[in-house]
Amino acid sequence: GVALFNAKKRGRNQIHWYHTGYEDQAIRRLNKEQILRNAIQDQDLAIHGQPRIDCRTGQIEALECLVRIPLEDGQLMFPGNFIELAEQNGLIRELDAYMLEQALNQISDWLSQGIEPLPLAINLSLQSFNTTLLDSLNQWQVRHPEVFQYLELELTEHRLPDHDEAFLEHLKSIRDFGIRLALDDFGTGYANLSRLPDWPFQILKLDRSFILDLPESDKQQAVVKSIIDLCSTLGIQVVAEGVETEAELTIVDQLGCHCIQGYVYARPKPLEDTGDWLSARRISAQ
Ligand code: C2E
Ligand code: MG
Ligand code: MG
Ligand code: MG
């Protein structure tokens with residue numbers, strides 16, 4: 001059999017035929033792209049929330065919103081499986097815009113019900129930091145400026161452009177709305193500490209790769225300690241991501257990072273099931 005698809009990278013409007021071997025891959029990619037496209041078009045996306053906790057008080061500080069695609073068989077497709085594709089074909093902009101609207105609607109609903117909102121964090125791909133984002137923030141600004149103090153936007157460190165003044169200004173104008181900015185997955189890129197003072201991030205999320213060998217490695221502890229100390233000097237809050245065990249929790253806490261997100265407290269669960277977190281606002285490690 002043969003698979004037909006439009007190989008964009010090889011030139012516009014060229015049709016390429018690939019035979020067995022490439023075929024499976026191409027069909028799988030096409031299928032995935034179709035699933036993704038339909039899910040976004042039908043707004044059939046599931047949003048799971050995972051809390052960020054102050055480990056000294058058990059206080060829930062925020063809920064990170066994580067997208068999933070519900071499949072016909074009842075299973076969920078996870079972002080590790082489709083974000084990259086969505087970034088390649090541009091669908092990520094619609095996906096991220098949808099997540100942002102959902103989060104802001106949720107915050108606004110809570111406010112109108114007289115409920116103090118849990119701050120919600122949304123992940124945005126680099127492409128989503130565009131003028132459309134600014135436009136929709138401006139619209140919210142006119143109608144409900146009070147939502148912004150409960151919104152956080154996360155941007156992955158390894159995607160940060162180098163020395164891009166325009167982008168920096170863009171980030172600053174987002175911060176000027178009163179939205180908090182988080183540098184996500186810190187340590188997966190260059191972990192360039194010297195640039196940290198230039199960026200308008202209030203939150204830095206240490207990637208799980210830092211946390212993994214922490215209990216065993218003195219060197220890694222020294223590295224993490226210096227990041228935590230620098231951030232404290234700069235007034236940036238550090239979050240340890242992907243904390244799974246009591247041992248990891250203990251060491252991160254000892255190093256001076258009290259803000260934790262990870263399975264040790266809670267796995268992500270559907271946003272509509274997070275009512276207990278909203279009402280309790282407190283949680284203890286398992
Ligand atoms: P992230 O923003 O770093 O989110 C944290 C990821 O770590 C989530 O994976 C979460 O389920 C997982 N995690 C949390 N605690 C633990 C733990 O203790 N151990 C381990 N091993 N993992 C833990 P998830 O939901 O699969 O998302 C993966 C990535 O996909 C996210 O990483 C984020 O970069 C991206 N993503 C998710 N939703 C969106 C979205 O709406 N838009 C965009 N652009 N990216 C998204
Ligand atoms: Mg994130
Ligand atoms: Mg992360
Ligand atoms: Mg990650």
Side-chain angles (χ1 to χ4, degrees), residues 48-66 116-123 149-158 160 180-197 199-269 273-274 276-286:
H48 286 204
Q50 186 187 33
R52 182 173 87 219
I53 289 104
D54 182 329
C55 67
R56 293 166 303 183
T57 60
Q59 184 95 20
I60 298 177
E61 299 188 336
L63 214 54
E64 179 172 9
C65 300
L66 299 157
E116 171 76 10
L118 271 180
L120 296 181
I122 293 290
N123 294 281
Q149 59 183 303
Y150 302 103
L151 181 68
E152 292 174 10
L153 298 180
E154 302 191 357
L155 177 60
T156 294
E157 186 227 359
H158 69 267
L160 274 188
R180 277 188 300 276
L181 291 170
L183 184 52
D184 203 356
D185 304 325
F186 189 79
T188 56
Y190 298 105
N192 192 342
L193 289 172
S194 69
R195 299 224 50 213
L196 221 44
W199 293 106
F201 294 104
Q202 289 100 326
I203 297 168
L204 179 149
K205 304 186 83 173
L206 279 177
D207 192 67
R208 162 147 180 84
S209 53
F210 272 130
I211 312 302
L212 259 173
D213 1 301
L214 215 48
E216 291 81 34
S217 163
D218 291 348
K219 275 187 192 164
Q220 197 72 304
Q221 287 177 27
V223 170
V224 167
K225 180 87 174 75
S226 67
I227 297 171
I228 292 170
D229 289 347
L230 175 66
C231 284
S232 138
T233 305
L234 296 172
I236 297 172
Q237 183 181 34
V238 180
V239 182
E241 267 200 300
V243 178
E244 292 185 357
T245 65
E246 283 288 344
E248 289 165 358
L249 179 61
T250 304
I251 187 75
V252 164
D253 183 39
Q254 275 169 8
L255 292 173
C257 173
H258 312 297
C259 199
I260 311 293
Q261 194 176 330
Y263 297 165
V264 72
Y265 279 103
R267 288 176 181 261
K269 64 179 177 184
D273 297 342
T274 57
D276 52 337
W277 290 339
L278 184 67
S279 51
R281 285 170 194 278
R282 216 166 273 280
I283 191 170
S284 52
Q286 283 148 15

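Side chains are part of it too, since the values below use all heavy atoms of this structure and drop only hydrogens, waters and symmetry mates.
Side-chain contact between Thr245 and Tyr263 is absent, with no heavy-atom pair separated by less than 4.5 Å. Counting heavy atoms from C-beta outward, Leu181 and Gln202 have side chains that approach closer than 4.5 Å. When side chains are defined from C-beta on, Pro215 counts as touching Glu248, because their heavy atoms get closer than 4.5 Å. In this structure, Ile227 and Phe210 have side chains that are in contact, with non-hydrogen atoms separated by less than 4.5 Å. Looking at Glu241 and Leu206, their side chains never come closer than 4.5 Å, going by heavy atoms from C-beta outward. Residues Leu255 and Leu214 meet the side-chain proximity criterion, which asks for heavy atoms closer than 4.5 Å. Inter-residue side-chain proximity for Gln221 and Ile251 is flagged as met; some heavy-atom pair is nearer than 4.5 Å. Considering only heavy atoms from C-beta on, Trp277 comes within 4.5 Å of Ile283 through its side chain.
Remark: Arg267 does not engage Glu244 in a salt bridge, criterion side-chain N to carboxylate O under 4.0 Å. With respect to the salt-bridge test (charged N to carboxylate O, under 4.0 angstrom), the residues Lys269 and Asp276 qualify. In this structure, Lys205 pairs ionically with Glu64, as a charged nitrogen and a carboxylate oxygen lie closer than 4.0 Å.
Here CG of Leu155 is found 8.0 Å from CG of Asp184. Values are rounded to the nearest 0.5 Å. Distance CD/Gln50 to CG/Leu66: 6.5 Å, rounded to 0.5 Å.
The closest donor-acceptor contact from the side chain of Arg208 to the backbone of Gly242 lies under 3.5 Å.
Heavy atoms only, all atoms of each residue included: Ala285 and Tyr265 are closest at N-CE2, 3.3 Å. Minimum heavy-atom separation, Ala240 to Cys257: N-SG, 3.7 Å. Between Phe186 and Leu193, the shortest heavy-atom distance links the atoms CZ-CD2, 3.8 Å.
A donor atom on one side chain and an acceptor atom on the other are found under 3.5 Å apart for Glu61 and Gln237. Side-chain contact check for His158 and Asp185: no donor-acceptor pair (N or O, by modelled atom type) lies under 3.5 Å. Side-chain atoms of Arg52 and Gln261 form no donor-acceptor pair, as typed in the model, at a separation below 3.5 Å. In this model, a donor atom of one side chain and an acceptor atom of the other lie less than 3.5 Å apart for Gln220 and Asp213.
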Determine, step by step, whether Asp253 and Ile260 satisfy the side chain to side chain contact (heavy atoms under 4.5 Å, CB included) criterion, reporting the C-alpha distance in whole Å, the side-chain angles of both residues, the deciding distance to 0.1 Å, and the verdict. CA-CA 9 Å; Asp253 183 39; Ile260 311 293; 5.9 Å; no
Would you check, one step at a time, whether the test side chain to side chain contact (heavy atoms under 4.5 Å, CB included) holds for Ile60 with Leu118? CA-CA 8 Å; Ile60 298 177; Leu118 271 180; 3.8 Å; yes
Set out, in order, the CA-CA distance, both residues' side-chain angles and the distance that settles side chain to side chain contact (heavy atoms under 4.5 Å, CB included) for Cys65 and Ile122, then state yes or no. CA-CA 5 Å; Cys65 300; Ile122 293 290; 3.7 Å; yes
List the steps and the verdict of side-chain hydrogen bond (donor to acceptor under 3.5 Å, both in side chains) for Arg282 and Gln59. CA-CA 4 Å; Arg282 216 166 273 280; Gln59 184 95 20; 3.0 Å; yes
Walk me through whether Cys55 and Leu249 qualify under side chain to side chain contact (heavy atoms under 4.5 Å, CB included). CA-CA 8 Å; Cys55 67; Leu249 179 61; 4.0 Å; yes
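Under the side chain to side chain donor-acceptor pair (under 3.5 Å) test applied with Arg180, the options Glu152, Gln149, Glu154 reduce to a single match, Glu152. Screening Leu196, Val239, Leu230 for a side chain to side chain contact (heavy atoms under 4.5 Å, CB included) with Leu204, the sole residue that qualifies is Leu196.
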